[in-house]
Structure formats: C-alpha cells, structure tokens
Protein chains: 2
Amino acid sequence: MAANTGLATTEMVDEGRCCVPSGAPAMSAERAEALSRQFKAIADPNRLRLVSLISASAENEACVCDLTEPLELGQPTVSHHLKILVDAGILHREKRGVWAYFSIVPGALDALAGVLTEPK
Amino acid sequence: MAANTGLATTEMVDEGRCCVPSGAPAMSAERAEALSRQFKAIADPNRLRLVSLISASAENEACVCDLTEPLELGQPTVSHHLKILVDAGILHREKRGVWAYFSIVPGALDALAGVLTEPK
DNA sequence: CCCGCACATTGACAACCGTCGATATATCTC
DNA sequence: GAGATATATCGACGGTTGTCAATGTGCGGG
C-alpha cells in the first residue's frame, strides 16, 4: 500500500487549501426566502419613512391621508406601499369609519432585528 | 380684520378630523435612501444565506468557492452578490494569493438592527 | 514562459418593482 | 338615494434586479 510514500494526492493540502465547507449548515432556503420577503418590505426608502412616520406618530397609528403629504407621493402609491407592509406582517390595518388606520405590529421589527444580531 | 367672526374655515375640525400630521418629523429622505441601500443588500434570499454561511464559518470568513456549492448558484452570480454586500458595507473583502476571503464588517449588521429597534 | 486556477467583469434577457392616472368600492351626510 | 370623502384596485410604463454564458484578469507552479 505504500504506507506513506508521501506526496500522493494529499500533497498540497496543508497550506493553500481553500474550498473546504465550514461544516455548519447554511440558513435554509425556505427560511431565507421568508425572511427576504420581510426585508424587501422595508428595503425601500419610502416604506422606511412610512414606518418611521407611523412609529413616531402620536397614537402610534396613522391613516393614509396623514402619510401622503410628507412623502410627496400620490395616494394610490402610498396605499400600495402600505399594503406591502401589511402583507409582510409589519403593519396592522384597522378600518374605522371611512379611514384606515395603520399601526406597527408589536414585535415585528424586533424579530427582524434579532435575525441580524443573532449570528454575531 | 374681523378678529373672530367665528366659523370661517375652522368649522368642522372638531370630531372626524383626520389628516393632521403628527408633528414629529419623518426620517429624512436622504437617510431613508442610504438605509434602504443596506437593507436592499440583505433583502435577497441568497445574500441572506451568504451572510449566514460566512458568520457561521469557522474563521468567520469564506472564499467564493466555499459559497458557490451550498447556494447552488454559478460562480459569477455568487461573486455578483458578494460585491453587492461589500458595496453596502456589510462584507469585507481581503485577497490572499489567488483567493478572496470575505468576512462580515464588525458592527454593520448591529447598526442595521438598531435602526429597526430604536423607533420602538 | 505558458498553463491552470480563483475570481471579476461584461452583455443579454426575463422577471420584478415603483410610480402614476383612471376607476372602483365603501362609508358617512343630507 | 345623491353626493362627497377616504381608500383600494387596475392597467400601463420605465427602471431595476437576479441569473447565466462568455470572457477578462491576476497569481502561482512547472
């Protein structure tokens, strides 16, 4: 068997070895997909401002007409952004009379923040 | 000047009043734009897995060939994603010999997480 | 000096995203 | 019920994004 004839196929493995997987498994593709949906929801300047406006608001809620003006966007566009944030589970929508009040889902942003801090 | 002739333009303001800005200013458009650039960088399932793989790696660094296989993506695509993360200030790139080692910029993810937790 | 390897860059293409104008829906008032 | 108001939805358009195949670049070994 030529016990250690030496330099057979393991000759240059000691130093320049790259491409050895870490052993620790990656985040699953499904979890990455789910998380990316939430991050995509806030990864837009206008939606970041929407969240900022709502959380800085007096009663921690705001209706569409409160948000249209400071963002300098049309009402359909603001409504579209709010729907994305609601679908992502970040905002809560409550209709009272003619108005729709949006508030931040408790813990939603903290959960996302936890994803970023946990690996470190 | 008709000091207070009364109900001039402020007649129906008492009850169903909506659309009153909160007073607290929104996040500035510039800051929102800058933050969205960083959030966009991680708001992709494959880039989330890249960050996860690197931070779970033994030496907290990995080269491209370590990352191509677990993501089942071509080498140019992985290189493209890594460049986006580097440009966003989330990853650090260090070339040693033929290989390029990527590591997470210390504090980068925590800074992003802070943006999400601070308003609450 | 030439070849192989790891990685970066380019160009192309389909899919998706943000925005708007127009229109639909729902609720309150008279 | 008619009209006004707040919001949602639709259709369209330009811009961006993720992916790949092909090619370029830089370093190390024989």
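First the proteins, then the strands, lettered A, B, ... as listed; each starts at 1.
- Here D:dT16 presents its P atom at 16 Å from NZ of A:Lys40, a figure rounded to the nearest Å.
- Inter-residue side-chain proximity for B:Ser57 and B:Asp66 is flagged as unmet; no heavy-atom pair is nearer than 4.5 Å.
- As judged by a 4.0 angstrom heavy-atom cut-off over every strand, B:Arg96 is placed among residues making no nucleic acid contact.
- Taking atom CG of residue A:Asp87 and atom P of nucleotide C:dG18, one finds them 13 Å apart after rounding to whole Å.
- Among the nucleotides D:dT9, C:dG18, D:dT7, the one closest to any side-chain atom of A:Pro76 is D:dT9.
- Between B:Phe102 and A:Glu72, the residue anchored nearer the 5' end of DNA chain C, judged by the nucleotide with its closest heavy atom, is B:Phe102.
- Of the candidate nucleotides D:dC20, C:dG18, D:dC27, D:dC27 has the atom nearest to the side chain of B:Val98.
- Between B:Leu82 atom CG and C:dA6 atom C1' there is a gap of 13 Å when expressed in whole angstrom units.
- For C:dA8, one of the phosphate oxygens OP1 or OP2 lies less than 4.0 angstrom from a side-chain nitrogen or oxygen of B:Arg93.
- Side-chain proximity of B:Ala100 to the nucleotides D:dG18, D:dT17, C:dA8 is greatest for C:dA8.
- The CG atom of B:Asn46 lies 5.0 Å from the CG atom of B:Leu71; values are rounded to the nearest 0.5 Å.
- Using a 4.0 Å cut-off, some side-chain N or O of A:Thr77 falls inside it from OP1 or OP2 of C:dC20.
- For B:Tyr101 and D:dC27, the OH to P distance is 15 Å, given to the nearest whole Å.
- A donor-acceptor contact under 3.5 angstrom links the side-chain atoms of B:Gln75 to the base of C:dA8.
- Across all strands shown, A:Lys83 has heavy atoms under 4.0 Å from sugar-phosphate atoms exclusively, and none from any base.
- Looking only at side-chain heavy atoms (C-beta outward), A:Val105 and A:His92 come within less than 4.5 Å of each other.
- Contact between A:Gln38 and A:Ala88 at its shortest, heavy atoms only, is OE1-O, 2.9 Å.
- Listed candidates were D:dT19, C:dG18, D:dA8. Nearest to the side chain of A:Val64 is D:dA8.
- Place A:Gly97 and A:His81 on DNA chain C by their nearest nucleotides, and A:His81 ends up nearer the 5' end.
- Here D:dT7 is the nucleotide among C:dC7, C:dC20, D:dT7 with the atom lying nearest to any side-chain atom of A:Cys65.
- No side-chain heavy atom of A:Leu50 sits under 4.5 Å from any side-chain heavy atom of A:Leu91.
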